[in-house]
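Just so it is clear: chains get the letters A, B, ... in the order the sequence lines come, proteins before strands, and each one is counted from 1. Just so we're clear, the structure is a prediction, and the values are computed from it rather than from any experiment.
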Number of protein chains: 2
Amino acid sequence: MYRIGEFSKISRIPVSALRYYGDCGLLPPQAIDPQTGYRYYSAAQLPRLNRILALKDLGLSLEEIGSLLDGELPAAELRGMLRLKSAEISHAVTEQQQMLSRVEARLRLIESEGTMPEQEVVLKELDPIHVLSIREVVDAPTKIGDLIGDGFAALMPAGVMPTAPCFALYHDPEFKPDEVDVEIAFPVGDEVTVAPNTPGGRAFQARTVPGGKAAVTVHHGGYDTIDEAYGRIGSWIADNGLKFAGPPQEAYLTQPDDPAGPVTEIRFPVE
Amino acid sequence: MYRIGEFSKISRIPVSALRYYGDCGLLPPQAIDPQTGYRYYSAAQLPRLNRILALKDLGLSLEEIGSLLDGELPAAELRGMLRLKSAEISHAVTEQQQMLSRVEARLRLIESEGTMPEQEVVLKELDPIHVLSIREVVDAPTKIGDLIGDGFAALMPAGVMPTAPCFALYHDPEFKPDEVDVEIAFPVGDEVTVAPNTPGGRAFQARTVPGGKAAVTVHHGGYDTIDEAYGRIGSWIADNGLKFAGPPQEAYLTQPDDPAGPVTEIRFPVE
DNA sequence: GCTTGACTCTCAAGTAGCTCGAGACCCCAT
DNA sequence: ATGGGGTCTCGAGCTACTTGAGAGTCAAGC
């Protein structure tokens, strides 16, 4: 029978960890002196301790280990657990590798630029969103503002309030400045399916814009400099080895009269 | 100005996380109503939030992000930080991969054996340890017990108490049952350098057994079945792609009169 | 028998990055 | 005035321990 310090020395596990394993029932001491509370361990407990360590080494949590050890090892269950773990770990590995490649991309970027960019591109998960939208081919990007105005003008009096900032979807496979196929979407509750025509006589369509992963960045400033944001997001997508997966979106996050200037969010569905 | 729920919707960050970022100074709300405590955010804060997310995505902690953002980005420091992170992540990746291969080795083992072994092999870090030792070539493994007895008989009267269980080192490059080159080591304090000869007339030598990683398992039971443990540890080392790195050790963890039977720990320095 | 120093005990708090819940307050529409 | 949904603060919970405070224990030397 060893005292905890000696047992710690021969097992090479810190005293505090041994106490912890004891307290949570994983490795109770062989005996506890009822007078002094001293824990006493025996060498015969090393196999159990080693099994705990080995399972921990496989990435199992102490709780999982406990149920395995006390459940007398139903081999099938252990197999299932390990298969799960294996999937989990290989998922973690690919995630880490992606993180590594992101870090390295960022390092290259810093070495070439000498500094960090003002705006970042991040990957986000978009929820599917139900909208009322109008789609039209316009001959100049500035007409988009008019479309939005018309849309609001039709919806507000009808008592339909957008539930999130409105946004545009660009359906052109490539950009043509004098023939833009654009859809203006107003997020609304799921139950809203009809709306009056716009002042320009256009009809709303109710549909659900699909969700999924998207590369997202924001542009802070006038519309004439928005190309920066598009350039940034494009090279980020390339750097991270992703692919376009749907029409890009442009969300208008500020009121037209915001003193801090307009803020636009650009979202490219990817992968 | 958005309330926290709206800002959460457009940033797709949970309210609780926004509050947390605000509380720890990373992203304080643009304004807080002093009457109600309501937090108000503006779209102009999205760039900062995105930067936080991007840096978090690179694996930086919130504290590191804070110091980078508030320290106005000394590019050199950021570079250093990222290089550190990069090394850290690739280290984590190789560790995870090793864990994965251990899990898969274990899975294979279960599929072939149908159950889990009673004893485990684990990798531990050995500390260098100062010992008094006697080395001799004996013609039968059973003579090792006599050597240990002689060693104790010499040390105890001289007031030298071992500080840890004594162990044997096997110096043979290969095993020969009738000619075993064995060293019996008694761990002692650093300051102990001399001891009387043993009853058999053998001289102690003071030396430090080097530390390092070792594959460790314990054998519970008589010496005649210790081959199981050697077999186990040998195949474990092979399965995990390690190499022997020094003479194996056998530590005797129990007193000869322990009612639960003897317990022996076997350690193979590796890599 | 007393002191000293090493060891051990219990209990509480800290770690990172949030999430969740309780109980109270606020805002807006009817 | 009321009701429902949003928001507030504060505290606990998550993992696997580590660290520290304050008190009790053990063995050896005087």
Taking atom P of D:dT15 as reference, at what distance in whole Å does atom CG of A:Asp23 sit? 16 Å
Can the positive tip of A:Arg267 be found less than 6.0 Å from the middle of the six-membered ring of A:Phe167, inside 45° of the ring normal? yes
Is the phosphate of C:dC7 approached by A:Lys9 (side-chain N or O, under 4.0 Å from OP1 or OP2)? no
How is A:Tyr21 classified with respect to the nucleic acid when contacts are heavy atoms under 4.0 Å: base, sugar-phosphate, or nothing? sugar-phosphate
Touch check for A:Ser16, heavy atoms < 4.0 angstrom, all strands: base, sugar-phosphate only, or nothing? base
In this structure, how many angstroms lie between the P atom of D:dG13 and the OH atom of B:Tyr20, rounded? 18 Å
Are OP1 or OP2 of C:dC26 and a side-chain N or O of B:Arg39 less than 4.0 angstrom apart? no
d(CD1, A:Ile13; P, D:dA16) in whole Å: 14 Å
What is the separation between atom CG on A:Asp33 and atom C1' on C:dT10, rounded to the nearest whole Å? 15 Å
Within the pair A:Arg3 and D:dC26, is there a side-chain N or O less than 4.0 Å away from OP1 or OP2? no
So that I know where these two stand, are A:Phe152 and A:Phe186 an aromatic pair - ring centroids less than 6.0 Å apart? yes
Output the distance between atom CD (A:Glu95) and atom CD (B:Gln96), rounded to the nearest 0.5 Å. 10.0 Å
Provide, to the nearest angstrom, the distance between the CG atom belonging to A:Leu60 and the P atom belonging to D:dC17. 13 Å
Quick one: CZ on B:Arg207 to CD1 on B:Ile129, what's the gap to the nearest 0.5 Å? 11.0 Å
